[in-house]
Amino acid sequence: MTPRKIIIDTDPGQDDAVAILLALASPDDIEVLGITAVAGNVPLALTQKNARIVCELAGRADLPVFAGCDAPLSRPLVTAEHVHGKTGLDGPVLSDPTMALQDRHAVDFLVDTLSREPSESVTLVPIGPLTNIAAAFEKAPGIIPKVQEIVLMGGAYFEVGNITPAAEFNIYVDPEAADIVFKSGVPLTIMPLDVTHKALVTAPRIEAFRQIGSEVGHMVAAWTDFFERFDKEKYGSEGAPLHDPCTIAYLIQPDLFSGRRINVEIETGSELTRGMTVADWWGVTDRAANAHFVGDLDAEGFYGLLTDRLARL
Ligand code: RIB
Ligand code: CA
């Protein structure tokens with residue numbers, strides 16, 4: 001089977017880092033054309049640096065990393081150091097990256113790459129705020145038909161919000177960008193908190209990462225150990241949700257996940273419910289379905305896949 005061509009748009013973030021590693025550990029399934037960094041969990045200067053750290057950890061200093069938008073389309077940036085730490089990759093001690101950042105802006109990389117690729121041939125995997133993706137679609141609408149699918153981490157419905165009572169962080173940070181993407185007509189697969197909150201990184205699962213015995217295993221165990229403390233305290237759960245790797249695992253083994261094709265729209269007007277993903281799960285409107293909204297996963301299968309693949313790096 002020909003590997004699926006993807007671009008990962010990211011705001012590392014410990015869970016972003018694990019998603020990138022999973023993709024780079026799966027070359028038979030996924031060809032990563034490039035990584036575009038966006039401001040989100042931490043400011044852009046850190047997310048682009050963190051993306052390069054993760055690429056070097058995976059032995060992929062050859063992979064082009066681009067810096068994108070340093071703020072949402074029309075709102076001030078909101079960050080999440082309280083979850084990810086000041087660096088965005090708190091947990092282990094990390095050295096600065098040596099690989100260079102690409103000079104081109106991430107939005108130009110997205111436009112140039114999609115412009116030259118055949119129709120419906122590239123999958124976009126945004127795992128942070130959707131600012132870069134929306135900016136590229138606004139700059140060059142002709143690239144939209146080149147996108148095979150957008151598989152994104154974001155939103156929430158039955159699980160409600162994590163940054164406000166109504167909204168999940170990625171969508172909350174740039175709701176106008178999300179609105180552009182959700183109305184673009186591109187086939188959407190959404191990994192909301194409804195499913196990621198069932199993908200809890202428990203102590204035995206962290207130990208399984210550590211037992212891999214490699215630097216990758218050590219780093220992922222240290223990142224997930226750090227990342228876990230916030231959600232465990234907040235939700236009292238036996239572990240933190242490992243959000244972003246759900247997108248990559250879906251590309252590798254979609255039958256681990258289940259959901260429903262429904263209409264999902266984004267609240268951009270109200271400050272109270274800004275960034276809410278209004279998911280018509282029960283079909284009570286006549287709004288056209290625009291997204292595969294994923295609600296469940298085989299968590300054991302997910303962690304088995306993740307651990308096996310990380311051991312390959
Ligand atoms: O709400 C979870 C999402 O916000 C994840 O992508 C996490 O990395 C942060 O970006
Ligand atoms: Ca993220």
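Counting convention: from 1, in listed order, for ligands and their atoms alike.
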Tell me whether the rings of H197 and H243 are parallel (<30°), tilted (30 to 60°) or perpendicular (>60°).
tilted

Determine the minimum heavy-atom distance between M191 and V294, stating which atoms define it.
CE-CG2, 3.7 Å

For atom 6 (O) of ligand 1, what's the nearest protein heavy atom and its distance?
D244 OD1, 2.6 Å

Under 3.5 Å, N or O to N or O, is H243 touching ligand 1 that way?
no

Per atom 4 (O) of ligand 1, closest listed option by heavy atom (I163, N170, T10)
N170

Enter the distance from L57:CG to W223:CH2 here, rounded to the nearest 0.5 Å.
5.0 Å

Taking NZ, NE, NH1 and NH2 as the nitrogens, is one of them in K86 or D90 under 4.0 Å from a carboxylate oxygen of the other?
no

Taking 3.0 Å as the cut-off, does I127 contribute an N, O or S atom near the Ca ion (ligand 2), distance below it?
yes

Given that the side chain starts at C-beta and the backbone is N, CA, C, O, which of these parts of D16 lies under 4.0 Å from ligand 1, counting heavy atoms, or is it both or neither?
side chain

Which atoms from ligand 1 have a heavy atom of N41 less than 4.0 Å away?
7 (C), 8 (O), 9 (C), 10 (O)

same_hphob_cluster(F66, I20) at 4.5 Å side-chain heavy-atom cutoff
no

Numbered atoms of ligand 1 (with element) below 4.0 Å of D11, judged on heavy atoms
10 (O)

Report the part of I127 (side chain from C-beta onward, or backbone N, CA, C, O) that has a heavy atom under 4.0 Å from ligand 1; answer both or neither where that applies.
backbone

Heavy atom under 4.0 Å from ligand 1: found in V83's side chain, backbone, both, or neither?
neither

Please verify the inter-ring angle class for H84 with F227; under 30° counts as parallel, over 60° as perpendicular, anything in between as tilted.
tilted

Quick look: N162 vs ligand 1, heavy-atom contacts under 4.0 Å, and the answer is side chain

Between D280 and T285, do the side chains contain an N or O donor and an N or O acceptor separated by less than 3.5 Å?
yes

Can you report which non-hydrogen protein atom sits closest to atom 8 (O) of ligand 1, along with the distance?
D15 OD1, 2.7 Å

For the atoms OD1 of D16 and OD1 of D11, give the angle they form at the Ca ion (ligand 2), rounded to 10 degrees.
90°

Can you name the atoms of ligand 1, numbered from 1 with element, that are less than 4.0 Å from a heavy atom of E168?
1 (O), 2 (C), 3 (C), 4 (O)

